[in-house]
Structure formats: structure tokens, C-alpha cells
Amino acid sequence: MRSVSSVKMVSSNRATASPAVDSESAPKKTASYSANNTKSADTETPAAAAVQSPGGDLTSALFNTNEGYLRDSHWTTSYQGMATEPFDQRISDTLMAPVIDSEIEIKPDGLLYLPEIKYRRILNRAFGPGGWGLVPRGAHSVSGRTLSREYALVGLGRFISQARGEQDYFDESGLATATEGCKSNALVRCCKDLGVASELWDPSYISKFKEKYCVDEWVTHAVRGNKKRMWRLKTRQWEYPWKK
């Protein structure tokens with residue numbers, strides 16, 4: 001038969017041994033918990049948390065505000081050289097030359113436009129290849145299914161203009177193409193400040209151009225059978241699936 005003192009001694013030993021086991025396991029749990037927290041903090045970026053709709057690896061690249069050219073270039077915030085003096089006469093004449101009627105296109109809704117490659121050619125003639133560029137002023141952003149981004153146009157080391165380009169997309173596979181369309185849209189908007197193809201924003205010119213070179217007609221969709229009134233150049237014919 002055990003004595004009371006023996007029972008107390010065993011109980012005391014068990015009570016003493018128990019914290020020793022806990023103290024050994026506690027650091028392991030804490031280290032594991034700390035490692036998991038560290039991993040989570042390293043992998044989750046503000047950009048990834050802010051944009052959930054597109055998803056995927058491409059999204060991380062598109063919306064990464066820590067990209068080198070965004071972080072290190074002073075052109076992401078600078079307005080250096082803005083409005084210091086006019087460009088020389090040759091450059092000004094090239095930029096503000098009257099738009100060539102044969103280069104203008106019209107969208108089915110009646111909007112006149114100059115293909116974006118024409119703007120690039122005009123800038124190349126004015127500043128020379130490498131003498132101008134578009135600088136991102138921030139990461140991409142998404143509203144619904146519209147991708148947008150702010151860009152600054154820089155020419156001969158001088159800030160010229162700033163605009164936000166936008167482009168619609170339908171699914172994630174079209175994001176790469178949408179980024180290019182977004183950049184081109186910003187370029188066209190920036191060129192307005194240089195007077196490039198300024199006639200396309202002149203209501204009087206638009207009206208005369210449509211009367212002389214365009215026609216609006218009722219056309220039928222070959223598959224769905226619905227009818228719609230649309231514009232085209234007189235030198236063009238309707239293409240499938242539309243027919244008159």
C-alpha cells in the first residue's frame with residue numbers, strides 16, 4: 001500500500017514533467033506558425049489582393065506596381081521640359097500637317113479615326129525613331145472587362161502629354177492583346193495635344209468628310225438575320241457577315 005506522501009510525490013513528479021513536454025512542443029508549433037505567416041506575407045502582394053477578377057500569373061505581371069521601370073524611372077512622375085519652349089518649325093509642321101483624307105477610316109457607328117500606326121509614323125517623322133516614347137505612369141487597372149493604364153508621351157527628353165488608355169477584353173486569354181490596345185489608345189489621346197490629326201475632332205470637318213466619302217445603309221446579318229444601320233467608306237464593300 002502506498003503512503004499518502006508517495007502519492008503526493010508521484011503527482012508532483014507528473015505535474016513537473018507535464019510542462020516539460022509542453023515547453024518542447026510549443027517552440028515547434030510557434031516556429032511552424034511563424035514560417036507559415038512569413039510565407040503568406042512573402043507571396044501575397046498588394047496588386048494581387050487588389051485585382052481579383054482577371055486572376056492568374058499574367059495578372060500578377062500586369063498589375064505589379066513594383067516593376068523596375070515603374071520604380072526606378074523618374075518619368076513615372078516627372079513633368080521635365082513641359083511647356084519650356086516650342087519644338088522647332090520642322091517638327092511642328094510635321095506634327096500639324098493636314099490629315100490625308102485617304103488614310104482616314106470610319107467605324108460602323110460613324111466614328112472617324114486614323115489607324116494608330118499612322119500616329120507612330122508621324123511621330124517617327126517628327127522626332128526620329130528613338131526620339132520619342134510612351135512611359136507608363138502606373139500599373140494596369142480593371143473596371144469590369146475594361147483594362148486601362150496611364151501613359152506619358154515624352155519627346156526629345158521632354159514631357160509632352162499624359163492620357164489614360166483603355167481597351168475592352170472578353171476573357172483572360174485576351175489580356176496580352178488588350179494591353180497593346182490600351183497603349184495605342186493612350187498614344188492617340190496624347191497626340192491630340194500635339195495637333196496630330198486634329199481635324200478628326202472638328203465637327204465641321206467630320207460632317208463634310210462623311211458627306212463626301214461615306215455612306216450609311218441598312219444591312220442584314222447573314223447568320224442572325226437582324227438589320228442594322230451602319231457606316232462605310234464609299235470605296236469599300238460590306239464584308240461577311242454583313243450584307244446589304
Side-chain angles (χ1 to χ4, degrees), residues 75 79 81-137 146-169 177-219 228-239 242 244:
W75 281 118
Y79 294 91
M82 179 179 180
T84 52
E85 61 178 335
F87 288 111
D88 66 44
Q89 194 61 47
R90 183 197 65 81
I91 293 176
S92 298
D93 290 344
T94 303
L95 295 171
M96 297 191 296
V99 66
I100 301 173
D101 290 346
S102 61
E103 294 185 343
I104 297 175
E105 302 285 345
I106 187 169
K107 294 185 177 182
D109 62 1
L111 180 67
L112 299 184
Y113 71 98
L114 197 65
E116 54 82 19
I117 190 62
K118 306 289 186 181
Y119 289 88
R120 284 181 162 86
R121 289 174 181 171
I122 292 171
L123 292 174
N124 281 335
R125 287 199 299 268
F127 300 113
W132 66 276
L134 277 179
V135 184
R137 303 283 263 193
T146 300
L147 185 74
S148 69
R149 192 179 204 180
E150 199 88 15
Y151 286 90
L153 176 62
V154 178
L156 302 182
R158 294 168 52 181
F159 173 91
I160 295 175
S161 184
Q162 181 172 328
R164 178 169 287 274
E166 59 184 349
Q167 179 66 45
D168 293 338
Y169 69 99
T177 302
T179 60
E180 186 66 18
C182 180
K183 179 181 177 182
S184 295
N185 183 240
L187 174 65
V188 171
R189 292 176 172 180
C190 285
C191 282
K192 284 196 293 184
D193 288 350
L194 289 172
V196 178
S198 60
E199 295 93 333
L200 300 181
W201 283 268
D202 183 345
S204 177
Y205 178 87
I206 293 172
S207 203
K208 292 176 181 178
F209 182 91
K210 284 184 173 181
E211 183 179 356
K212 185 176 181 180
Y213 297 108
C214 308
V215 60
D216 63 325
E217 300 174 322
W218 283 101
V219 290
K228 191 174 182 180
R229 197 171 186 87
M230 296 166 59
W231 286 87
R232 67 172 174 84
L233 292 171
K234 290 179 180 179
T235 56
R236 306 279 177 82
Q237 299 299 320
W238 295 110
E239 296 181 358
W242 296 104
K244 186 175 178 181

Minimum side-chain heavy-atom gap Met96-Val196 below 4.5 Å: no
Atom pair CZ (Arg121) and NZ (Lys118), whose distance is rounded to the nearest 0.5 Å: 5.0 Å
Any side-chain heavy-atom pair of Leu114 and Leu200 under 4.5 Å: yes
Glu105/Arg236 salt bridge by N-O under 4.0 Å criterion: yes
4.5 Å side-chain heavy-atom contact, Ile91 and Leu156: yes
Leu194 CG to Phe87 CZ distance, which is reported to the nearest 0.5 Å: 6.5 Å
side-chain contact (heavy atoms from CB on, under 4.5 Å) between Trp242 and Met230, intermediate numbers included: CA-CA 10 Å; Trp242 296 104; Met230 296 166 59; 3.9 Å; yes
Residue pairs fulfilling side chain to side chain donor-acceptor pair (under 3.5 Å) with at least one residue in residues 198-211, sequence neighbours excluded: Asp101-Tyr205
Any Lys234 side-chain heavy atom under 4.5 Å of Cys214 side chain: no
Within-4.5 Å side-chain heavy-atom neighbours: Glu85 and Arg158: yes
Chi angles and distances behind the side-chain contact (heavy atoms from CB on, under 4.5 Å) call for Trp132, Asn124: CA-CA 8 Å; Trp132 66 276; Asn124 281 335; 2.8 Å; yes
Stepwise side-chain contact (heavy atoms from CB on, under 4.5 Å) check, Gln167 with Thr146: CA-CA 6 Å; Gln167 179 66 45; Thr146 300; over 6 Å; no
Side-chain donor/acceptor of Asn185 to backbone N/O of Glu166, under 3.5 Å: yes
Residues in side chain to side chain donor-acceptor pair (under 3.5 Å) contact with Glu217, at least two apart in sequence or another chain: Arg232, Trp238, Lys244
Between NZ on residue Lys107 and OH on residue Tyr113, distance to nearest 0.5 Å: 6.5 Å
Any side-chain heavy-atom pair of Ile104 and Phe209 under 4.5 Å: yes
Arg229 CZ: over 12 foreign heavy atoms closer than 6.0 Å: yes
Side-chain heavy atoms of Gln162 within contact of Tyr151, under 4.5 Å: no
Nearest heavy atoms of Gly155 and Ile160, plus distance in Å: N-CD1, 3.5 Å
Residues Phe127, Ile122; criterion side-chain contact (heavy atoms from CB on, under 4.5 Å); working and verdict: CA-CA 9 Å; Phe127 300 113; Ile122 292 171; over 6 Å; no
Interatomic distance, Leu233 atom CG to Ile106 atom CD1 [nearest 0.5 angstrom]: 6.5 Å
Donor-acceptor contact below 3.5 Å, side chain Arg90 vs main chain Ala126: yes
Heavy-atom side-chain proximity of Cys191 to Leu123 below 4.5 angstrom: yes
Side chain Arg189, main chain Arg164, donor-acceptor under 3.5 Å: yes
Value rounded to 0.5 Å, distance of CG in Asp109 from NZ in Lys228: 8.0 Å
From OG (Ser148) to CG (Asp168), nearest 0.5 Å: 10.5 Å
Taking every non-hydrogen atom, the tightest pair across Gly165 and Cys182: O-SG, 3.1 Å
Side chain to side chain donor-acceptor pair (under 3.5 Å) against Arg125, all qualifying residues, sequence neighbours excluded: none
